[in-house]
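What follows is a set of notes on a single structure, which appears directly below.
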Amino acid sequence: MAVQRKLDSDSHLYLIDGSGYIFRAYHALPPLTRSDGTPVGAVQGFCNMLWKLLEDLKGEDQPSHLAVIFDHSGKSFRNDLYDQYKANRPPAPEDLVPQFPLIRDATRAFGVPCVELENYEADDLIATYTRQAREAGARVTIVSSDKDLMQLIEDGQVTLFDTMKNKRIDSEGVREKFGVTPDKVIEVQALIGDSVDNVPGVPGIGPKTAAELIETYGDLETLLAHAEEIKQPKRRENLIAFAEAARLSKTLVILKQDCDLPEPMEAFGTADPDAETLTDFLKSMEFRTLTRRVEETLGAPVSDETGSATAPIDRSAYACVTTMADLEAWIAEAQSAGVIAVDTETDALSACGANLVGVSLATAPGRACYIPLAHVHPDEGDLLGGGAAPEQIAREDALAALKPLLQDPSVLKVGQNLKYDLAVLSRYGVDVRPYDDTMLISYVMESGLHGHGMDELSELHLGHKPLSFKDVCGSGAKQISFDRVPLDKATEYAAEDADVTLRLHEILKPALGPRGKLTVYETLERPLPRVLADMELAGVKVDPQRLSRLSGEFAQKMAEHEDEAYRIAGRSFNISSPKQIGEILFGEMGLPGGKKTQGGAWSTDVSVMEKLAAEGHELPGAILGYRTYAKLKSTYADALKAAINSSTGRVHTSFSLASTSTGRLASTDPNLMNIPIRTEEGRKIREAFIAEPGNVLVSADYSQIELRLLAHIADVPELKKAFRDGLDIHAMTASEMFGVPIEGMDPMVRRRAKAINFGIIYGISAFGLAANLSIGRDEAKEFIERYFEKFPGVADYMEAKKAEVRDRGFVETIFGRRVHLPGIKDKNPNMRQFAERQAINAPIQGSAADVIRRAMIRLPGAIEAKGLNARMLLQVHDELVFEVPEGEAPALIALAKAVMETAARPALEISVPLTVEAASGHHWGEAH
DNA sequence: GTGTTCACG
DNA sequence: GACGTACGTGAACACC
């Protein structure tokens, strides 16, 4: 609770801008309601932020006094000065309004005074308290990211603490923002105005010009008095014409330092919050995670949502199981628990090559063990040789005992990214079932909001930072494999992972139903770890000799292009350094460089270099040639050969299930989703992907699935008819748009229509289309307009998705997969527009991803039911690759087509046919 | 570790 | 009024 304490020169007053906190809490988090339907998302965000701040402040530079300051309402005395002040602000969202009083309650529950004053904004109160504290000799920290408070900064005495960037702002920070010292901020703001608050300013004057003018003239009045001297005609006219607007702006941005304060600042003395008051409040809000965190910190009895005790995470309480008797006791306990968390530890990253080193189990929160199976002495493998391995249960014995538990249909096994553990245990003959995956549960509920790795989820939901792999194994050259980690440390790490996973499951799984995502999880997520683990284990056969030969050919081509480049340039340089290429082309040769990269350097990418080549310059062509072959050699020929597993002779990729925001998979180590196909040279890589003797590869891919889904989702009659009639969709689009017959169409016209069709899926812009087709922006704009005239349903779809994401913060696929796009609330208009394009693309891309997921889930069973000896090996977004005995290829093709084409059913009936094209061959290139 | 480029759908 | 934009990924290399 706050206490009375006079301020003096030793005092440090913290003033928190509560309204800024509310705004951020509301927009940063997904909507959340209490079980009675009260919206509490912003309250939760506010509480989390306040708690974190109070905890962080316990370190150095502690506050002696602290208060949260709120705006009293949307209106203040500034509205009397200027009736348009903040007039362009929309009213507070409907679900935020009832949270305002709750947030005041929250503040008081934290034992922090909350202050507001009718007719004034929070900033005015902050300014007044700041002035008074300074008069008492105290230091002041204002916790806010609002630039309007920068005028109060005094170096060493008054600083602004931006919790968003976690950084203190002094006069140097003000100079970065406004280009002037804090005492000149109001002068500059008067000129710039503020579109957010509807402060007019002077048109045509932005931050740069304003700083320059104030630097020269000192203040606004002096500047206005000398306005006639300004050289730039437009600027001069505006300064004269809008002098009054500037004066008005200045009165609006100046903060009042003489409000009648509702509370004396002596009442802001700090003390720890009362544990009971605070936890009672948090429980009434149903913030389980924060309640637990607060209880842990304040030493109150810890409880979970049912009120029963849940132990805080205590790594020293975990057991290390090294005897068979112990293991059997744990297995019995697990059996009766019914829901357990499982985690495996291995000696390498790849699930397909790693050896099982240990298994951890958690049977209840805080109750977890680690069973080491193949640990060695930490010095094992060193020159001096290792000592004796620690005592542990033999791997075969332990697995034989664990297998019935892991396969018991009445015990639910919970894992975090369980695909990895499934793959590892599969190799030891254990088929884990049934299972839940906390990573995937998080993914279906909060895709797009954050990552879904265990450490991140733990911090987010448990407020607990688990031991990291690096803490235990080190990093870089000094990294050791897990089997060399001493047992005590290994136990803390491994058992904690199981404990955390089980706790996450207790929090996340029950949220699926209320959030309406249980079906998505059960049908599109839960079955996949098993399917993908089997695909990864199967791997794909790659011919190393073929790759070696290609590598040699590419090396020769690289050398040719490199020599030619040096000959043209007249000297040698590092041809793979974009920096040096830029220096030569745009520096020494003085060519006009077009684009800049993000970092401000000259761009030397294909589009730039091709443009130069078209203008007749020789060097860019040679560099591009070199790059093409360097890429093929290093990324494909050499890397792929190195990725061949020596014991299987095959390449085993890893598919990530939760790393895209849309529901697509990703492939890593190596990435087998970006194997070249578009150019003849690149396609040669595909010839190295082969089948076992007597087998062939079958490739089955959805034809135009995204455009078909667009036709269905946006309900475009012309597109749907074209797909039903089996027309060439790009030619049909061209015919509609340009009024030319499909027969004998100019390929150039079709190409344009094709680019437009792709552009539509990406949330088209005139700029993007123009760049893609190398045409003018005006022409691109005309194309788009014409397209929308012909297909108004598509334009309607786009507007609907933009409105939806602005309104709800997310969009959904046709199967209900949700994609959150928090960028839609960003203050940067570019970020918002980006989010709008994502909102257009995500339902299309994501629905296609859902369709192929459904097919993949069904295919292994369908193959088995037909008695085929085929294996599914790869997925490449709209394509599946299988390996099958040559004679069974026709049957597999028929089956794959049938399953893939009907994959949306019975959940949905798609109003256009989803057609699949399939072929077989002795290598991947041939199967296309 | 970050930035640039380029391979795929 | 200028700016920066097509959607979704992962890997290699240069450079700090």
Side-chain angles (χ1 to χ4, degrees), chain A residues 203-206 208-209 234 448 475-476 574-582 595-609 623-624 626-636 638-640 642-643 653-656 659-679 681-683 685-686 701-702 704-706 710 755-756 758-773 777 780 784 801 819 821 828-846 848-849 852 874-879:
Chain A
I205 296 190
K208 291 277 180 284
T209 315
K234 195 75 206 160
S475 65
N574 184 349
I575 192 169
S576 34
S577 162
K579 193 174 155 212
Q580 292 187 27
I581 292 171
K595 291 199 293 188
K596 290 284 187 74
T597 64
Q598 220 175 3
W602 293 112
S603 170
T604 66
D605 69 16
V606 255
S607 67
V608 172
M609 305 274 268
I623 294 170
L624 284 179
Y626 171 85
R627 277 194 188 158
T628 303
Y629 290 106
K631 176 92 176 173
L632 289 173
K633 181 174 188 298
S634 69
T635 310
Y636 299 105
D638 295 344
L640 223 40
T653 185
S654 173
F655 291 105
S656 337
S659 61
T660 71
S661 58
T662 55
R664 272 191 176 181
L665 304 182
S667 161
T668 61
D669 310 304
N671 180 357
L672 295 184
M673 286 181 163
N674 68 349
I675 302 302
I677 191 168
R678 291 173 188 171
T679 67
E681 290 294 277
R683 260 200 304 275
I685 296 287
R686 295 205 168 214
D701 67 291
Y702 285 103
Q704 309 287 2
I705 187 168
E706 293 192 347
L710 172 69
I756 292 167
F758 276 107
I760 294 294
I761 291 169
Y762 298 152
I764 200 158
S765 72
F767 178 90
L769 183 64
N772 191 285
L773 283 176
R777 237 162 66 196
I784 295 169
K801 289 300 136 183
V819 179
L821 299 167
N828 178 346
N830 289 329
M831 296 292 282
R832 290 201 301 273
Q833 281 174 22
F834 181 39
E836 288 180 352
R837 293 194 299 272
Q838 290 176 306
I840 292 165
N841 173 261
I844 305 170
Q845 186 183 117
I852 197 166
L874 299 176
Q875 188 244 49
V876 192
H877 307 309
D878 64 357
E879 173 190 7

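In the text below, chain A, chain B and the rest are named by the order of the sequence lines, each starting its count at 1.
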> Is there side-chain contact between A:Ile581 and A:Arg627, with at least one heavy-atom pair below 4.5 Å?
Replying inline: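 Answer yes - side chains close enough.
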Please give the distance between the [atom1] atoms of [N] and [M] as a whole number of Å.
{"N": "C:dC3", "M": "B:dC6", "atom1": "C1'", "value": "26 Å"}
{"N": "C:dT5", "M": "B:dG3", "atom1": "P", "value": "14 Å"}
{"N": "B:dT5", "M": "C:dG4", "atom1": "P", "value": "16 Å"}

Using a cut-off of 4.0 Å on non-hydrogen atoms, how would the nucleic acid contact of [X] be classed: base, sugar-phosphate, or nothing?
{"X": "A:Arg777", "answer": "base"}
{"X": "A:Ala766", "answer": "nothing"}
{"X": "A:Gly763", "answer": "nothing"}
{"X": "A:Asn772", "answer": "base"}
{"X": "A:Ala780", "answer": "nothing"}
{"X": "A:Ser577", "answer": "sugar-phosphate"}
{"X": "A:Phe834", "answer": "sugar-phosphate"}

>> Please encode protein proximity along nucleotides 3-9 of chain B as a string of B, S and -, counting only heavy-atom distances under 4.0 Å.
In response: -SSBBBB
> Is A:Lys596 close enough and on-axis enough to A:Trp602, meaning under 6.0 Å and within 45°, for cation-pi?
Replying inline: yes
Is it true that a side-chain atom of [X] and a backbone atom of [Y] form a donor plus acceptor pair closer than 3.5 Å?
{"X": "A:Thr653", "Y": "A:Pro670", "value": "yes"}
{"X": "A:Tyr636", "Y": "A:Asn674", "value": "yes"}
{"X": "A:Thr209", "Y": "A:Ile205", "value": "no"}
{"X": "A:Ser667", "Y": "A:Phe655", "value": "no"}
{"X": "A:Arg664", "Y": "A:His877", "value": "no"}

> Just the endpoints, please: which first and last nucleotides of DNA chain C, 5' to 3', lie under 4.0 Å from a heavy atom of chain A?
Replying inline: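 Extent of the interface on DNA chain C: C:dG4 to C:dC16.
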> With both distances under 3.5 Å as the test, what is the Watson-Crick or G-U wobble partner of B:dG1?
Replying inline: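 Looking at the geometry, B:dG1 pairs with C:dC15.
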> Listed by chain and number, what are the side-chain contact (heavy atoms from CB on, under 4.5 Å) partners of A:Asn772, not counting sequence neighbours?
Replying inline: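 Counting only residues at least two positions away or on another chain, A:Asn772 forms a side-chain contact (heavy atoms from CB on, under 4.5 Å) with A:Ala755.
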> Pick the nucleotide of DNA chain C nearest each of A:Ser656 and A:Lys579; which residue has the one closer to the 5' end?
Replying inline: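 By nearest-heavy-atom nucleotide position, the 5'-most residue is A:Ser656.
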> Under the side-chain contact (heavy atoms from CB on, under 4.5 Å) criterion, do A:Thr628 and A:Glu681 qualify, and how do the steps go?
Replying inline: CA-CA 9 Å; A:Thr628 303; A:Glu681 290 294 277; 5.6 Å; no
